Amino acid sequence: MISNKIKRTAICFSLLATFSCSDSFEEINTNPNGFSEEQLMQDNNHIRSLFAPIFNRFLIIDVTWQYQTQQNLQGDMWSGYMTTPVIFGAFNNHDYALNSGWTSTAWDDGYLNLMGNIRKIGVASKGTADQFYSWSLILKVASMQRLTDMYGPVVYSEYGKTTVPIGYDSQEQVYNQMFKELDIAVADLTARVKSGEEQQFKKTDLSAYKGSYEKWVKYANSLRLRLAMRIAKVSPALAKIEAEKAVNHQLGVMNTNDDVMKIKSPQNLNPIDVISHVWDGLYMGADMESILTGYDDPRIAKYFDKSVQFPDKYVGVRTGIEYPSNTMYNGTSQTGAVARTGENVWMTTAEVYFLRSEGALRGWNMGGDAKTLYELGVKASFEQVGVSGADSYLADNTKMAKDYVDRIASQNSIAAVNKVTVAWDEAASNEIKLQKIITQKWIANFPEGQEAWTEFRRTGYPKLFPISNNKSGGIIDTNLGVRRLPFADSEKALNNGGVQTGIAKLGGPDNGATRLWWDTTGPNF
């Protein structure tokens, strides 16, 4: 049963040290074939060997239970995408009684397996193989953007310090540093593209980019655009500068589906598919059913399988209701074809178009108007998943999200909340236009629930069904939902002085209700 898959991560103090411990430490630091140090240094093999763990651990594509605790029982649920209607015990993230073992996983893995290896690459490559250093900076920003958007303040500028306390940077400081690191990486790799340098990443790049400097620059620019949009409300002047820098760069941002950032699982598996179909523990969220069936959205057939219990219907489950048994909803819709390819998508071209659409809505120079970019985003998403009918879909100005009807327990039925149509309406308010943009970005980004949860916190869109079984003891507001993850248990045990610096910079209690720096109250405009 799924509950038997949940484990606890072993932690060592050096997870924040210069050479942090790793699940694959021995594999990385010794050579099973007995090659000498000189041989390992040839062709930068001592650097290349450190990239594979980063690719495999970014979305935890190689260990399903860690993906489940790090993302599936957090962002994937809180985004409205999917839910695991299982009773785990006294602490369940779906009812806001947060399980600290689960909420610590992303932090522990982020430092053990991502930052640890990224730092090693930096030490080995900076000044000697700078193209690898630049590449590692892009991966660092991609990794730490996720981490800071989960927790807020994180260890960043003091990472590598070997004595406690190891201080935390505020989220504002982290974002400013990430922008600078992208400056370094983009400038270096762009110069290499212009010079016609032979690409050095081919042997090592596990992504669909196959070592292309140009595509990595486009991805870096697209990351910059995502970061810029994240701070649009709290730091609008800087957001505009960084967004325009990304879009107007000579190599630009992702603009075709050949630019989609994705990686193939080494086992040709997606952990989402394993959790849903092997463990029988993951089902369509009620919000997905409400919005996709309301729009007659053809992508639903790629995202989910039809219900076994209710033939020819797509049936979702509300998150955060009372689940009388672990099998009550096992006949509802499980995940579909997109989770059976073995591909794990880090960022889509559709998302980039929606980011540009929002930027244009805010008056930024995004190389197009909001309507055109919005429609290009929808079309890119349709093309990416292999469905037709985007033009007629975009023209529909009547269909809206449907009321959710729980066919098993009627007390969980609820009226639709995200009441906007698909068709662009130039006469609508900016808030309604933004709701349309974020709703379509939410659909297009499936199944990447972490980013969807983050955008929901930033914008309030799409509007999602509230939970009905709030067990947070009054800490987390039912309507606002979880705003962040508490700092990791390992940190509280081994670097408590550092945690205290993080709490001071957080500006509120270390719980799931405190808003992050960019998560401001009030309207979006």
Side-chain angles (χ1 to χ4, degrees), residues 1-11 60 63-110 150-151 271-272 274-287 316-332 334-335 406 408-409 411-412 449-450 453 464-478 480-493 509-514:
M1 189 56 206
I2 191 171
S3 58
N4 294 327
K5 309 293 182 180
I6 305 297
K7 305 177 183 178
R8 292 296 300 275
T9 305
I11 306 300
I60 313 295
V63 183
T64 298
W65 73 263
Q66 285 189 325
Y67 174 87
Q68 184 190 41
T69 56
Q70 172 171 320
Q71 174 149 327
N72 203 231
L73 293 170
Q74 297 175 173
D76 289 350
M77 284 195 311
W78 297 330
S79 66
Y81 276 171
M82 300 167 274
T83 196
T84 297
V86 173
I87 307 163
F88 289 103
F91 297 97
N92 291 276
N93 286 357
H94 52 59
D95 58 22
Y96 298 171
L98 301 185
N99 185 315
S100 65
W102 303 349
T103 58
S104 296
T105 306
W107 182 284
D108 295 338
D109 192 76
M150 293 179 190
Y151 296 94
I272 291 172
V274 175
I275 298 168
S276 186
H277 290 275
V278 179
W279 296 359
D280 289 325
L282 187 60
Y283 301 89
M284 170 194 270
D287 296 282
V317 184
R318 278 183 71 183
T319 294
I321 59 175
E322 290 193 38
Y323 307 118
S325 76
N326 289 346
T327 60
M328 182 175 179
Y329 288 96
N330 278 14
T332 55
Q334 294 170 281
T335 57
D406 190 319
I408 297 170
Q411 67 271 21
N412 299 317
Q450 171 58 39
W453 172 49
L464 302 175
F465 296 130
I467 71 169
S468 62
N469 190 34
N470 191 332
K471 293 185 177 179
S472 70
I475 294 174
I476 299 171
D477 185 280
T478 296
L480 293 176
V482 180
R483 310 311 291 186
R484 63 176 291 273
L485 304 184
F487 293 124
D489 288 345
S490 57
E491 281 287 277
K492 294 170 184 175
D510 180 27
N511 60 36
T514 299

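Quick caveat: nothing in here was measured; it's all calculated off a predicted structure.
Summarising the geometry of Gly449 relative to Ser79, their closest heavy-atom pair is O-CB, 3.6 Å, with the distance given to 0.1 Å. Shortest non-hydrogen contact noted between Arg484 and Pro509 is NH1-O, 4.2 Å. The nearest pair of heavy atoms linking Pro466 to Arg318 is O-NH2, 2.5 Å. Taking every heavy atom of both residues into account, Ala97 and Ala90 meet most closely at CB-O, 3.9 Å. Nearest approach of Asp477 to Asn470, heavy atoms of both residues: C-ND2, 4.2 Å. Between Trp107 and Glu491 the shortest heavy-atom distance is NE1-CG, 3.2 Å.
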Original post:
Step by step, would you call Thr83 with Tyr329 a side-chain contact (heavy atoms from CB on, under 4.5 Å)?
Top reply: CA-CA 10 Å; Thr83 196; Tyr329 288 96; over 6 Å; no
Subject >> Trace of the side-chain contact (heavy atoms from CB on, under 4.5 Å) decision for Thr478 with Ile467 >> reply: CA-CA 6 Å; Thr478 296; Ile467 71 169; 4.3 Å; yes
Subject >> Derivation and outcome, side-chain contact (heavy atoms from CB on, under 4.5 Å), residues Trp279 and Thr64 >> reply: CA-CA 10 Å; Trp279 296 359; Thr64 298; 3.6 Å; yes
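Two residues are said to be in side-chain contact when any heavy atoms from C-beta on lie closer than 4.5 Å; Trp78 and Asn93 meet this criterion. Between Met82 and Ile272 there is a side-chain heavy-atom pair separated by less than 4.5 Å. The closest side-chain heavy-atom distance from Pro486 to Leu98 is below 4.5 Å. Contact of the Val63 side chain with the Asp109 side chain is not registered, since no non-hydrogen atoms from C-beta on lie closer than 4.5 Å. No side-chain heavy atom of Gln411 sits less than 4.5 Å from a side-chain heavy atom of Asp406. In this structure the side chain of Asp95 never reaches within 4.5 angstrom of the side chain of Glu322, judged on heavy atoms. Inter-residue side-chain proximity for Tyr67 and Asp76 is flagged as met; some heavy-atom pair is nearer than 4.5 Å. Counting only heavy atoms from C-beta outward, the side chains of Val482 and Trp453 approach each other to under 4.5 Å.
The side-chain hydrogen bond (donor to acceptor under 3.5 Å, both in side chains) test with Tyr283 is passed by exactly one of Asn330, Thr84, Thr335: Asn330.
Checking side-chain atoms of Ser104 against main-chain N and O of Asp489 turns up a donor-acceptor pair under 3.5 Å. Using a distance-only test at 3.5 Å, with no hydrogens or angles considered, a donor-acceptor pair links the side chain of Thr103 to the main chain of Asn99. No donor-acceptor pair under 3.5 Å is formed between the side chain of Asn92 and the backbone N or O of Ile87.
In this structure, Gln334 CD and Asp280 CG are separated by 5.5 Å, a value rounded to the nearest 0.5 Å. For the atom pair Thr319 OG1 and Phe465 CZ, the distance stands at 11.0 Å (nearest 0.5 Å). Rounding to the nearest 0.5 angstrom, the gap separating the CG atom in Asn511 from the OH atom in Tyr96 is 13.5 Å. In this structure, Leu282 CG and Thr332 OG1 are separated by 9.5 Å, a value rounded to the nearest 0.5 Å. Here the CD-CD distance, from Gln74 to Gln68, works out to 10.5 Å after rounding to the nearest 0.5 Å. Summarising the geometry, atom CH2 belonging to Trp102 is positioned 13.0 Å from atom CG belonging to Leu485; distances are rounded to the nearest 0.5 Å.
Within 6.0 Å of atom NZ in Lys471, 12 or fewer heavy atoms from other residues, nucleotides or ligands are found, so the atom counts as exposed in its surroundings.
The aromatic rings of Phe88 and His94 lie tilted to each other, with the angle between the two planes from 30° to 60°.
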